[in-house]
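What follows is a set of notes on a single structure, which appears directly below.
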Amino acid sequence: YVVKVHNAFEMAECQSVFYFSHPAKTLKPDNTRFKKLSFSVPVGATLHGFVGYFHSTLYGDIHISTEPSTLSVGMFSWFPLYLPLR
């Protein structure tokens, strides 16, 4: 789901998952993606799902981002992804 996160508790620090570069350096890039992450959660809580953010460098020092620490102010057309566990 693509959502505007209104009420969420950040149980652990955000972690980077994938990096993409355009244009691809090869003619037929392998877009297979897999990554295993571990989270250190200092408090007890019930996890209902994950929120996925993105940060994109468009050119030089021009960025757009939905990640809270680098959030693009005034950007209303992009939202985080919510991945429910159930």
Neighbour count above 12 (heavy atom, 6.0 Å) for Q15 CD: yes
Same apolar cluster: V17 and L85, side chain cutoff 4.5 Å: yes
Members besides V73 in its Ile/Leu/Val/Met/Phe/Trp/Tyr cluster (side-chain heavy atoms under 4.5 Å): none
K4: partners by side chain to side chain contact (heavy atoms under 4.5 Å, CB included), with sequence neighbours left out: H6, F79
List the atom pairs, donor and acceptor, that lie under 3.5 Å between side-chain atoms in residues 47-63 and the rest of the protein, sequence neighbours left out.
unit_1, atom_1, unit_2, atom_2, d
H55, ND1, S65, OG, 3.4
H55, ND1, T70, OG1, 3.1
H55, NE2, H63, ND1, 3.2
T57, OG1, H63, ND1, 3.1

Shared-cluster residues of L27, by chain and number - hydrophobic side chains joined below 4.5 Å: none
Non-neighbouring partners of P84 that pass side chain to side chain contact (heavy atoms under 4.5 Å, CB included), sequence neighbours left out: Y1, Y82
Side-chain donor/acceptor pairs under 3.5 Å, residues 33-44, sequence neighbours excluded:
unit_1, atom_1, unit_2, atom_2, d
R33, NH1, D30, O, 3.2
K35, NZ, S16, O, 3.1

